[in-house]
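Ligands are counted one by one from 1 in listed order, and the atoms in each one are counted from 1 as well. These numbers come from the heavy atoms of this one structure, side chains and all, not from hydrogens, waters or symmetry mates.
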Amino acid sequence: MGCVGVILKHPDDFYPLMKLKIAARHAEKQIPPEPHWAFCYSMLHKVSRSFALVIQQLPTELRNAVCIFYLVLRALDTVEDDTSIPTDVKVPILTAFQHHIYDCDWHFSCGTKNYKVLMDQFHHVSTAFLELGKSYQEAIEDITKRMGAGMAKFICKEVETINDYDEYCHYVAGLVGLGLSKLFHASGSEDLASDYLSNSMGLFLQKTNIIRDYLEDINEIPKSRMFWPREIWRKYVNKLEDLKYEENSEKAVQCLNDMVTNALMHVEDCLKYMAALRDPSIFRFCAIPQIMAIGTLALCYNNIEVFRGVVKMRRGLTAKVIDRTKMMADVYGAFFDFSCMLKSKVNKSDPNATKTLSRLEAVQKTCRDSGVLNKRKSYIVRSQPRYNSALIVMLFIVLSILFAYLNAKRPNN
Ligand code: D9A
């Protein structure tokens, strides 16, 4: 469906989408003048799109630290991901990465596209890193060291048990949560969150990505990447890749629902973590990805499309989440809505139905007990969109004008 089609189907996506587009153009103009910072911020925009906008609104000092942290993590990921690097070359790079960030002469060429540029010009990231405050540097160094070691460990090890799964996710995402909590604390705006809750923030996001990206990871060339724990999938199929074949559709969806149920375990910790935040910009920075995650799980649950192609939230829904997430009441509201949606998708005959439903009940109880679920706009879309023709005509006109305007002002035109 084209852009106009999507907007006709979801007319209320229009305003937040425009707002996001304008915010993105504004952010692109805010690139700092120093070449190393300019490199870091334009790289951030290239590799993360909407997330970069949320980083952009953090207080300056913290924003710089988060930007560097994000790029260091991306660089580590790029090394871990590049299957063309032999293990005996890769492991020492991963385990010494905490030293490389202090060394403006260090670089290692790998990855493709934007990631290749990031790796080739890594000296810009090191130069910027060295300008951060000591406490920010130490937090980034500590996490880089632990993550590199964890990644090295999992290069030769498969994700067998649910314990391995939690351990792998701890290294690649839980530690990001711990690191960010330290950066927030170093900025003086927040109390230091517990490692346990910080870890849960990362696990919930990472497990959602692993579920959503099943097909992309299994089809990875030259070698498929497998993150779904054997302890879960072996109840349904003999080989992880069997889930993508049509004859196994029923088992595949049951296995998927099992994975979603496992991820839901972290929701209450995440709500607790977010409820303790004080600074509104840090709060938004944390809450937006979490709402996107529960929305993605709601979309993926019981959905065979996960094994056929890409299942992603509509861009308009993302824009809506970014627009509407201001305080904890919005988070409880969103988690409540998406839990409702999930509940309505649970099939009594699913082997994990009872477990799934009880986790969803628990989430809804937490949201209700917060006492702030008031009248608010719902994220759940009516199945029968009722559009009125005058509105469509109006929208079409406004849309054309705005798009013409925005395109005309594009610098490369
Ligand atoms: C995050 Cl500094 C991530 N990851 C994310 C993004 O959110 C977390 C990577 C680096 C950093 C932060 C994040 C945000 C706020 C608070 C957090 C936190 O903890 C307290 O991390 C736990 O996904 C990657 C990991 C999950 C591996 C940690 C959100 C993000 N969204 C993408 C959307 C997508 O589909 O990937 O990056 C985007 O907007 O481009």
Side-chain angles (χ1 to χ4, degrees), residues 20 23-24 27 40 43-58 62-78 80-81 114 125 136 139-140 143-144 147 150-151 168-185 187 190-213 216-217 227 263 266 269-277 279 281-297 299-300 310-315 317-319 321-322 325 331:
L20 190 67
C40 291
M43 194 46 75
L44 180 71
H45 281 284
K46 282 181 195 144
V47 297
S48 83
R49 280 189 238 127
S50 47
F51 189 53
L53 291 179
V54 194
I55 294 182
Q56 202 77 35
Q57 38 103 47
L58 290 168
L62 177 61
R63 183 217 294 158
N64 287 341
V66 170
C67 172
I68 298 310
F69 187 39
Y70 189 89
L71 294 177
V72 169
L73 296 169
R74 279 298 173 129
L76 262 173
D77 255 359
T78 307
E80 188 211 24
D81 271 355
N114 287 324
V125 181
Y136 294 119
I140 296 173
I143 299 303
T144 306
M147 190 180 292
M151 284 174 163
Y168 175 74
C169 291
H170 165 72
Y171 289 133
V172 301
L175 285 174
V176 179
L178 267 68
L180 284 169
S181 296
K182 288 191 197 196
L183 298 181
F184 301 158
H185 180 63
S187 79
E190 301 287 349
D191 294 335
L192 183 59
S194 80
D195 285 357
Y196 181 80
L197 295 184
S198 307
N199 187 54
S200 294
M201 291 288 282
L203 262 58
F204 185 59
L205 298 180
Q206 183 65 8
K207 287 184 174 184
T208 302
N209 292 343
I210 288 176
I211 293 168
R212 182 198 63 191
D213 297 339
E216 195 185 305
D217 290 333
F227 303 110
H266 305 290
D269 291 339
C270 295
L271 291 172
K272 215 167 165 185
Y273 180 100
M274 291 183 277
L277 295 170
D279 179 278
S281 69
I282 294 177
F283 173 79
R284 273 169 53 79
F285 171 74
C286 292
I288 291 166
Q290 297 288 324
I291 297 177
M292 299 290 296
I294 185 107
T296 302
L297 290 181
L299 203 63
C300 290
V310 192
V311 177
K312 273 208 174 143
M313 275 177 44
R314 274 193 339 269
R315 190 134 174 87
L317 198 48
T318 304
V321 172
I322 296 176
T325 307
V331 173

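By the 4.0 Å heavy-atom criterion, S50 is counted among the residues contacting ligand 1. Judged by the shortest distance from any of its heavy atoms, Q206 lies inside the 4.0 Å radius around the atoms of ligand 1.
Shown in contact with L73 at under 4.0 Å from a heavy atom are these atoms of ligand 1, numbered in order with element: 10 (C). Close contacts of ligand 1 with A173, meaning ligand atoms under 4.0 Å from a residue heavy atom, involve 27 (C), 28 (C).
Annotation for Q206 and A173: closest pair CB-CB, 3.4 Å, computed over non-hydrogen atoms. Taking both residues in full, the closest heavy atoms of S50 and T318 are given as OG-CG2, 4.4 Å, listed atom of the first, atom of the second, then distance. Heavy-atom minimum distance, A287 versus M274: CA-SD, 3.6 Å. Between P289 and L205, the shortest heavy-atom distance links the atoms O-CD2, 3.4 Å. Nearest heavy-atom pair across V72 and T144 is CG1-OG1, 3.7 Å.
The aromatic rings of F51 and Y70 are tilted relative to each other, their planes meeting at an angle between 30° and 60°.
Protein heavy atom closest to atom 17 (C) of ligand 1, with residue, atom name and distance, is L180 CD1, 3.3 Å. Nearest protein heavy-atom contact of atom 9 (C) of ligand 1 is Y70 CE1, 3.8 Å. Ranking protein heavy atoms by distance to atom 22 (C) of ligand 1, first place goes to G202 CA, 3.5 Å. Of the protein's heavy atoms, V176 CG1, 4.3 Å lies nearest to atom 3 (C) of ligand 1. When hydrogens are left out, the protein atom nearest atom 26 (C) of ligand 1 is L205 CB, 3.6 Å; that is the closest non-hydrogen contact. Considering only non-hydrogen protein atoms, atom 20 (C) of ligand 1 sits nearest to Y273 OH, 3.6 Å. The nearest heavy-atom contact from the protein to atom 6 (C) of ligand 1 is F51 CZ, 3.7 Å. In terms of protein heavy atoms, atom 36 (O) of ligand 1 is closest to R212 NH2, 4.3 Å.
Not one N or O on the side chain of R284 forms a donor-acceptor pair closer than 3.5 Å with the backbone of V54. For the pair R212 (side chain) and V310 (backbone), a donor-acceptor distance under 3.5 Å is absent.
Side-chain contact between K312 and T296 is absent, with no heavy-atom pair separated by less than 4.5 Å.
The backbone of V172, and not its side chain, has at least one atom closer than 4.0 Å to an atom of ligand 1 (non-hydrogen atoms only; backbone = N, CA, C, O). Contacts with ligand 1 closer than 4.0 Å are made by heavy atoms of both the backbone and the side chain of F285.
With I143 as reference, L175 is the one residue of V176, L180, L183, L175 to meet the side-chain contact (heavy atoms from CB on, under 4.5 Å) rule.
Put simply, atom 30 (C) of ligand 1 has protein non-hydrogen atoms near it, under 4.0 Å away.
When only interatomic distances are considered, the shortest N/O to N/O separation between S48 and ligand 1 falls below 3.5 Å.
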